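Here is the structure we will look at, set down as structure tokens.
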Amino acid sequence: MSVLGTRFAGTRSVLVELSDLDSVLALGAILEASPLPGQRDVLTAASTILIKADSWANARSIAAAIPALELGTAAPDTGSLVSIDVHYDGEDLEEVVRLTGLSPEAVINAHTSQQWRAAFGGFAPGFAYLHRENQLLQVPRRDTPRKAVPAGAVALAGDYSAIYPRISPGGWQLIGHTDAVLWDLQRENPALIRPQDRVQFTASRASLTLSTPAAPQAAPVSVAPGSPSLEILDPGLQSLIQDLGRPGLGNLGVSAAGAADTSSARAANRLVGNSPSAALIENLLGSMTLRAIGDAVLAVSGANAELLITPVDTDDFHEERVAPMNTPFALLDGETLVLSPTGGGLRSYLAVRGGFDVAPVLGSCSTDSMSGIGPAPLAAGTLLGINPIHGAHVVGNPEPSTLPRPAADGCHILRIAPGPREDWFGGAGLEQLTGQTWVVSAESNRVGVRLALTDGAEPLERIRTGELASEGVAVGALQVPPSGLPVLFLADHPVTGGYPVIAGLIAEDVPAAAQLVPGTRIRFELVDPLTHHPLAPLTARTEGNPA
């Protein structure tokens, strides 16, 4: 049991490679019990742990501290014992019988006679990879994954068993189903099974009726009579409530989410005198209409838009007026604000003095488009209450736009640091990544920016064969699927991934990536994570060596 090495993932995460799963469990238990300075999240996997930090300096300190830790052995009774009743009627039970050479009764007995250890989470909220005690049920994944595995399905693959918390694609062998609710936001601990827990399956003789919990809904906004609020008349394209996210829940399969462009979100809140973490609206392409109920002070940053204010009754004394971007302005009782895109940027952020009165979910008001956690997307008729002002909430002076600016040739430059898996592509792969121009695909969203090829460009090619075991990934990661076309992960990215990450954006450039519209041309520049000075690709760390 040992730490094999550490690799940096972007500029605020460290990937720790370990010799075996016992080492993963032991280190995970240490980091959960005694977090290292600057540690924000820990994502355990089959043979790695990704530690997310709050700064480059703390990421370096964490990487230096890890090899000196005494791992020992994770106590066998760590976590809770969770009992799960299973009705063994899975579609693949006969296939598991064929693969193992056991009878159906023996398969069921093998599944129920051992305790399964929750090694790590990921994939989806509430999904836990349950590691075996023996190899009796070691079977491969299906050759063709199902497009929809039902919620509650109990499955096998490789060294693991698992329960699907909700309907989702999957390639595991289905041997049964359970009524147990794996993820419920009404519980103090939403995940029924957490990393380090032990699971005992029990064969149920009664016929189970599969029940799926209702999808989490936003708590209704209660606006007291006479209290200020904003009414959504037209939400435009994808208007979402966001804040700075919910870090620290990655091991439960919950991404941090939050504003895709944190620079613009912080600026909008700063302009109206809010704290950086106040809830605000993120809108795609600066296109929405809302009306004030009571007087309010607003600010809009990010994607450029015309801000047209219309009074209740247009007359000689109350004419339409245009409010400036990146500047606080008043929206009086009954006035309507119309945002119309004028070009430049992808996401606009609208903040109101006091912040929106929205019930937090798992400590955050942010909407996670991938898991569905958090407030529902805004719709026409939504009434958003405004928090009362406590303290000064001093509005700010006009600020410059937070939008990124292209280089002289029209390309946007994004700075990257190598790793953690650049050795899957070699020095030539890094040179190709930085030496050719890429274009933002129209298939991009809050999960990630999908890149396409420009004329003369070619997909990235691996120099290694085989598949990479799933491991934690960070925002800004450039993951490369078999197509060779990188995906740049944004706020709602999955917490784990099974494709190699060739490089990661420096943290300061992630907001810029979130503002790039489809068709934008991109070049990547390899830089030193500490100084941000450009590096030649060949000066990156030697293939296979830990950071």
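Small disclaimer: the values here were computed from a predicted structure and weren't measured. Side chains included, hydrogens not; waters and symmetry mates left out as well; all remaining heavy atoms used. Residues take their numbers from the sequence shown, with the count starting at 1.
- For the residue pair Arg246/Ser366, the side-chain donor-acceptor check at 3.5 Å is satisfied.
- A side-chain contact (heavy atoms from CB on, under 4.5 Å) with Val510 is found for one member of Val475, Leu488, Leu414, Thr11 and no other, namely Val475.
- Aromatic ring orientation, Phe489 versus His493: parallel (interplanar angle below 30°, classes split at 30° and 60°).
- No salt bridge links Glu471 with Arg7; every basic N to acidic carboxylate O contact stays at or beyond 4.0 Å.
- Judged by distance alone, the side chains of Glu282 and Tyr349 do bring a donor and an acceptor atom under 3.5 Å apart.
- Although no hydrogens or angles enter the test, the distance criterion places no donor-acceptor pair under 3.5 Å between the side chain of Ser364 and the main chain of Pro360.
- Using a 30° and 60° split on the angle between ring planes, Tyr164 and Trp172 fall in the perpendicular class, above 60°.
- Judged purely by distance below 3.5 Å, without hydrogens or angles, the side chains of Glu320 and Thr310 pair a donor atom with an acceptor atom.
- Centroid-to-centroid, the aromatic rings of Trp183 and Phe127 stay 6.0 Å apart or farther.
- Of the possible donor and acceptor atoms, none in the side chain of Asn251 sits under 3.5 Å from a partner among the backbone N and O of Gly121.
- Every pair passing salt bridge (Lys or Arg N to Asp or Glu O under 4.0 Å) that includes a residue from residues 482-500 is listed here, sequence neighbours excluded: Arg446-Asp492.
- Annotation for Glu461: atom CD does not count as buried by contact number, only 12 or fewer foreign heavy atoms lying within 6.0 Å.
- Only one option out of Ser301, Ser263, Ser264 pairs with Thr402 in a side-chain hydrogen bond (donor to acceptor under 3.5 Å, both in side chains); it is Ser264.
- The main-chain N or O of Gly250 is found under 3.5 Å from a side-chain atom of Asp41 such that the two form a donor-acceptor pair.
- A salt bridge links Arg523 with Asp409: the distance from a Lys NZ or Arg NE/NH1/NH2 to an Asp or Glu carboxylate oxygen falls below 4.0 Å.
- Between Val395 and Leu271 the shortest side-chain heavy-atom distance does not fall below 4.5 Å.
- Taking all atoms of both residues into account, the shortest heavy-atom contact from Pro375 to Thr367 is O-OG1, 2.8 Å.
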### Query
How far apart are the C-alpha atoms of Leu230 and Ile386, what are their side-chain angles, what is the distance that settles it, and do they pass the side chain to side chain contact (heavy atoms under 4.5 Å, CB included) test?
CA-CA 8 Å; Leu230 293 179; Ile386 300 172; 4.2 Å; yes
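- Side-chain contact between Phe120 and Leu43 is absent, with no heavy-atom pair separated by less than 4.5 Å.
- Shortest non-hydrogen contact noted between Asp509 and Ile413 is OD2-O, 4.3 Å.
- Checked by atom type, the side-chain pair Ser277/Asp243 shows no donor-acceptor distance below 3.5 Å.
- Defined by atom type and a distance below 3.5 Å, a donor-acceptor pair is missing between the side-chain atoms of Asn283 and Ser348.
- Judged purely by atom type and a 3.5 angstrom limit, Ser55 uses its side chain to pair as donor or acceptor with the backbone of Asn58.
- In this structure a side-chain-to-backbone donor-acceptor pair under 3.5 Å is present from Asn274 to Gly354.
- With a 4.5 Å cut-off on side-chain heavy atoms, Ile241 and Leu378 count as touching.
- Looking only at distances, no side-chain donor or acceptor of His412 sits under 3.5 Å from a matching main-chain atom of Ile522.
- Leu308 places none of its side-chain heavy atoms less than 4.5 Å from the side chain of Leu337.
- Arg462 places no side-chain N or O within 3.5 Å of a backbone atom of Arg464 that could act as its donor or acceptor partner.
- Ion pairing between a basic and an acidic side chain is recognised when a charged N comes within 4.0 Å of a carboxylate O; Arg40 and Asp54 show no such pairing.
- Remark: the backbone N or O of Leu31 is paired with a side-chain donor or acceptor of Gln39 at under 3.5 angstrom.
- Under the rule for a side-chain hydrogen bond (donor to acceptor under 3.5 Å, both in side chains), the partners of Gln515 that lie at least two apart in sequence or sit in another chain are Asp261.
- Looking at heavy atoms from C-beta onward, Pro235 lies out of side-chain contact with Thr382 at the 4.5 angstrom threshold.
- For the pair Val495/Leu249, no side-chain contact is recorded, criterion being any heavy-atom separation below 4.5 Å from C-beta on.
- One distance of note links CD1 of Ile281 with CG of Leu240; it measures 9.5 Å at 0.5 Å rounding.
- At a threshold of 4.0 Å, the pair Arg415-Glu525 does not count as salt-bridged, since none of the basic side-chain nitrogens sits closer than that to a carboxylate oxygen.
- Across Pro406 and Gly410, no two heavy atoms sit closer than the pair CB-O, 3.6 Å.
- Counting heavy atoms from C-beta outward, Val322 and Ile309 have side chains that stay 4.5 Å or more apart.
- Checking side-chain atoms of Gln432 against main-chain N and O of Glu458 turns up a donor-acceptor pair under 3.5 Å.
- The minimum heavy-atom distance linking Pro276 with Asn269 is given by the pair O-ND2, 3.5 Å.
- Applying the salt bridge (Lys or Arg N to Asp or Glu O under 4.0 Å) rule to pairs touching residues 266-281 yields Arg270-Glu399, sequence neighbours excluded.
- Within the 4.5 Å cutoff, the side chain of Thr336 has heavy atoms near those of the Leu233 side chain.
- Counting only distance, with no hydrogens or angles, the side chain of Thr262 and the backbone of Ala259 share no donor-acceptor pair below 3.5 Å.
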### Message
Run Leu18 and Ser47 through side chain to side chain contact (heavy atoms under 4.5 Å, CB included) and show every step you take.
### Response
CA-CA 5 Å; Leu18 296 124; Ser47 58; 5.8 Å; no
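- Test Leu468, Leu460, Ile463 against Trp424 for side-chain contact (heavy atoms from CB on, under 4.5 Å) and you get one pass: Leu468.
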